Amino acid sequence: AQSVAQPEDQVNVAEGNPLTVKCTYSVSGNPYLFWYVQYPNRGLQFLLKYITGDNLVKGSYGFEAEFNKSQTSFHLKKPSALVSDSALYFCAVRDGSSNTGKLIFGQGTTLQVKP
Amino acid sequence: NAGVMQNPRHLVRRRGQEARLRCSPMKGHSHVYWYRQLPEEGLKFMVYLQKENIIDESGMPKERFSAEFPKEGPSILRIQQVVRGDSAAYFCASSPLTSANTGELFFGEGSRLTVL
C-alpha cells in the first residue's frame with residue numbers, strides 16, 4: 001500500500017534561514033512525488049513534482065525538493081525562508097504503475113517563519 | 001482561465017439533513033477527485049470520477065455518501081443524514097486526460113461543511 005509520512009507537525013525557522021520540511025514515502029512501484037502548499041481557508045496549490053530524471057526538482061516560489069531513492073525521501077527545501085512562506089505543506093505520492101491520478105497525502109507540516 | 005470552482009464555500013446543516021457539494025472542474029479537465037480534510041488532519045481521498053463513471057470510490061464511507069459526475073454539469077458529492085462527524089472541508093480536484101498519468105491535480109478552494 002502507498003503511504004506518505006511527514007514526521008514533523010510543525011517546523012519553525014527564522015526569516016532568511018534555510019528551511020527543510022521532511023517527507024518519506026512508500027510505494028510498490030516507481031514513485032511520483034508532489035509537494036503542495038495550503039494557506040488558511042484556501043485550497044491546495046501545487047509547488048513541484050518529481051516524476052523521473054534529475055533528483056533535484058525546482059518549483060514555485062523558490063522551493064526545491066530532493067528525491068532520494070535509497071532513503072525513500074523527498075524533502076522540501078528553500079535556501080532563504082520568507083515570513084510569507086508560513087503555511088501548511090503537504091507531501092503526496094502516487095504509484096507510477098497506477099493508471100489513475102489519485103494522490104495519497106501526508107498529514108501535513110505547518111511551517112512557521114518568524115521575522 | 002477559471003480554476004476549479006466549488007460551491008458552496010460554506011454550508012451549515014443540522015443533523016439529519018442532506019448536504020450537496022458541487023464542483024466544476026477546470027475547462028478541458030475530465031477527471032475529478034474528491035478529498036476530505038478533517039480538522040487538524042491531512043487530506044483523505046474519497047472518490048475519483050470521470051464523466052458518467054465512478055473509477056475509484058475506495059475512500060468513500062459505505063453509507064450516506066455518494067458522488068456523481070454527469071455528462072453535463074458539475075460533479076456532486078452528496079451526504080445524506082449528516083452527522084457532526086461529517087463536519088470537514090471537502091476539496092475537489094481535477095486533471096486533464098493528458099496529465100492523468102503524471103498525477104498533477106488542480107484543487108478548488110474547498111467547501112466547508114459544519115453540522116450543528
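Note that the structure is a prediction, hence the values are computed from the model and not measured.
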Contact class of B:S111 relative to chain A, heavy atoms under 4.5 angstrom: neither
Check ion pair A:K77-A:E64 (N to O, under 4.0 angstrom): no
Contact class of B:Q37 relative to chain A, heavy atoms under 4.5 angstrom: side chain
Side-chain donor-acceptor contact under 3.5 Å, A:Q10 with A:N12: yes
Minimum heavy-atom distance between A:W35 and A:H75, given as atom pair plus value: NE1-C, 4.1 Å
Toward chain B, the part of A:Q38 with a non-hydrogen atom under 4.5 Å: side chain
Parallel, tilted or perpendicular: ring planes of B:F107 versus A:F105, cut at 30 and 60 degrees: perpendicular
Part of A:N41 lying under 4.5 Å from any heavy atom of chain B: both
